[in-house]
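Throughout, a chain's letter reflects where its sequence line sits, starting with A, and its residues are numbered from 1. All figures in this text were calculated on a predicted structure; none of them were measured in a lab.
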There are 4 protein chains.
Amino acid sequence: MARQVSVVGSGAAFEAAAEEVGRLLAEAGCTVVTGGLDEVMAAAHRGAKAAGGTTIAVLPGERREDANPWADHVVVTGIGHARNLAVAASGDAVIAVGGSYGTLAEMAFALRLGRPVVALEGAPAVEGVPVLASPAGAVAEALRLLG
Amino acid sequence: MARQVSVVGSGAAFEAAAEEVGRLLAEAGCTVVTGGLDEVMAAAHRGAKAAGGTTIAVLPGERREDANPWADHVVVTGIGHARNLAVAASGDAVIAVGGSYGTLAEMAFALRLGRPVVALEGAPAVEGVPVLASPAGAVAEALRLLG
Amino acid sequence: MARQVSVVGSGAAFEAAAEEVGRLLAEAGCTVVTGGLDEVMAAAHRGAKAAGGTTIAVLPGERREDANPWADHVVVTGIGHARNLAVAASGDAVIAVGGSYGTLAEMAFALRLGRPVVALEGAPAVEGVPVLASPAGAVAEALRLLG
Amino acid sequence: MARQVSVVGSGAAFEAAAEEVGRLLAEAGCTVVTGGLDEVMAAAHRGAKAAGGTTIAVLPGERREDANPWADHVVVTGIGHARNLAVAASGDAVIAVGGSYGTLAEMAFALRLGRPVVALEGAPAVEGVPVLASPAGAVAEALRLLG
């Protein structure tokens with residue numbers, strides 16, 4: 001099975017970074033998992049697809065149509081914000097790009113479950129999470145932590 | 001996006017039928033979604049892979065390693081039996097093969113969400129769900145309901 | 001701790017029966033758990049309160065204000081239909097009064113978890129679930145199964 | 001309905017503080033909601049009961065028996081760590097006492113849903129969350145934020 005890396009976050013200002021993260025993950029052979037909606041989630045998927053990668057959307061709602069257009073596979077959870085647990089748990093590692101409280105919940109769950117978590121500058125600050133200055137740095141650190 | 005069809009059920013006696021259902025779905029170009037564990041779930045995935053298809057496991061636990069070996073993509077939900085909602089909701093249609101109360105919950109959720117549900121003989125009886133005698137019949141009926 | 005019995009179901013036609021079930025459960029010293037919304041859920045709570053009992057709402061949404069006015073205690077799950085698992089699991093026994101697919105999911109989950117389930121005539125038919133003709137009969141059977 | 005305040009956290013070192021928080025909340029007429037297990041959760045319940053208050057446990061597992069002995073009412077969610085969303089959402093306000101990543105997820109979800117969140121010194125640091133030095137200070141601040 002391909003490695004799966006979850007990209008979590010939000011904010012239009014972080015879309016370019018998320019797209020680069022998605023592209024680099026796909027180039028490294030990782031499937032890109034996100035919460036499946038817009039902004040950072042869509043951008044990470046878009047970047048992965050541009051590099052020929054594979055993407056998975058883990059949606060909070062009940063309609064597959066809510067997924068962004070770059071999602072290859074869509075899991076419709078129907079459990080609202082609790083799907084943040086599924087996004088975090090489905091990554092062999094998690095990279096945070098921008099984001100606010102929802103992103104913080106995903107980072108917290110990932111850490112609770114022992115998944116490596118890496119943050120790009122601008123993501124919520126969490127003790128023990130390395131903060132990287134560039135998409136390339138964040139992806140490299142996540143891959144390094146995956147061993 | 002490829003159509004996604006969820007195969008729900010359990011019981012070693014239904015593995016051959018589930019494998020055939022998975023194979024036929026893959027041949028029809030559908031991605032096969034299951035709860036990701038053993039018996040009917042593994043068999044449906046195995047059948048899909050034998051036909052060159054794509055498979056998604058939606059696991060109840062917190063460990064990706066719990067997925068059967070034929071799962072291409074793994075969503076680790078961590079929400080126990082509540083992942084039955086996600087399995088049901090992630091199918092554009094749902095086919096029940098064998099199974100007991102957990103399967104019944106998946107069928108009920110699929111109906112609640114307006115997804116077409118088809119049962120192979122031996123699955124839990126639910127009012128309004130067509131019961132087909134063969135894997136080929138069940139897959140054909142599911143595809144017909146998808147329009 | 002008081003025994004907790006979950007009342008599941010829906011349908012305006014079943015409100016009188018649900019109110020009687022709630023009243024009888026409260027008279028037997030049981031706390032009445034429901035999904036917390038209207039119709040059967042509200043009626044069961046109303047009946048319990050009329051008899052001086054205690055009620056718990058387990059809501060699907062994110063707002064406590066959605067609970068019916070007879071709910072003493074409100075758990076706001078935020079997980080949509082997946083809260084049906086919590087409603088089922090929170091009852092030491094479950095009584096179904098009317099209802100459709102959502103109710104069927106609750107009955108299925110209760111059975112999956114080994115909770116005794118009793119149906120009043122008109123609830124979804126599930127193999128192995130005793131069907132009683134009256135609220136008094138349903139409550140008596142639920143209490144008998146609780147031992 | 002009585003106000004509900006969720007107390008989140010963990011760590012044996014924080015039990016005395018949690019017990020005091022629970023006691024003060026009960027004295028203020030608030031029902032105390034927790035995740036229902038041991039340490040901080042049990043201590044908050046114990047304090048509330050010592051003051052004649054009411055307590056609600058929102059359990060992650062599938063067994064009511066897992067609740068601590070000071071839980072009056074028990075909601076058995078069966079959804080693992082995703083129950084952290086329900087704990088957060090069920091409080092009109094949330095007070096964090098000690099804790100680690102699970103607590104951080106609860107604080108994040110509460111903030112995401114617009115619930116006031118207050119931290120006692122030693123809880124995870126979250127931007128925008130006031131940190132109080134004493135149980136009395138934390139409870140007073142939570143009540144003040146509730147208006």
Between A/R115 and A/A89 (side chain of the first, backbone of the second, donor and acceptor by atom type, cut-off under 3.5 Å), is there such a pair? yes

Best-contacting candidate, B/V87, B/V76, B/I56, against chain A by heavy atom pairs under 4.5 angstrom: B/V76

Between B/A96 and B/M107, what is the shortest heavy-atom contact and its length? CB-SD, 3.8 Å

For the candidates A/L85, A/T54, A/L59, A/D72, which exhibits the highest count of non-hydrogen atom pairs separated by less than 4.5 Å from chain B? A/L85

Main-chain N/O of A/L37 paired with A/N68 side-chain donor or acceptor, under 3.5 Å: yes

Under 4.5 Å from any heavy atom of chain A, what part of B/V74 do you find: side chain, backbone, both or neither? both

Take atom CZ in A/R112; do more than 12 heavy atoms of anything else shown fall under 6.0 Å from it? no

Treating B/R83 as the side-chain partner and B/V58 as the backbone partner, does any N or O pair qualify as donor plus acceptor under 3.5 Å? yes

Chain A contact via B/A2 - side chain, backbone, both or neither, heavy atoms under 4.5 Å: backbone

Decide yes or no on side-chain contact (heavy atoms from CB on, under 4.5 Å) for B/R3 and B/L146, but give the supporting numbers first. CA-CA 9 Å; B/R3 275 178 170 167; B/L146 280 176; 3.9 Å; yes

Tabulate, in ascending numerical order, the residues of residues 126-142 of chain A having at least one heavy atom closer than 4.5 Å to a heavy atom of chain B, or enter 'none'. none

Does B/G91 offer a backbone N or O that forms a donor-acceptor pair with the side chain of B/S6 under 3.5 Å? yes

With B/H73 via side chain to side chain donor-acceptor pair (under 3.5 Å) - residues at least two apart: A/H73

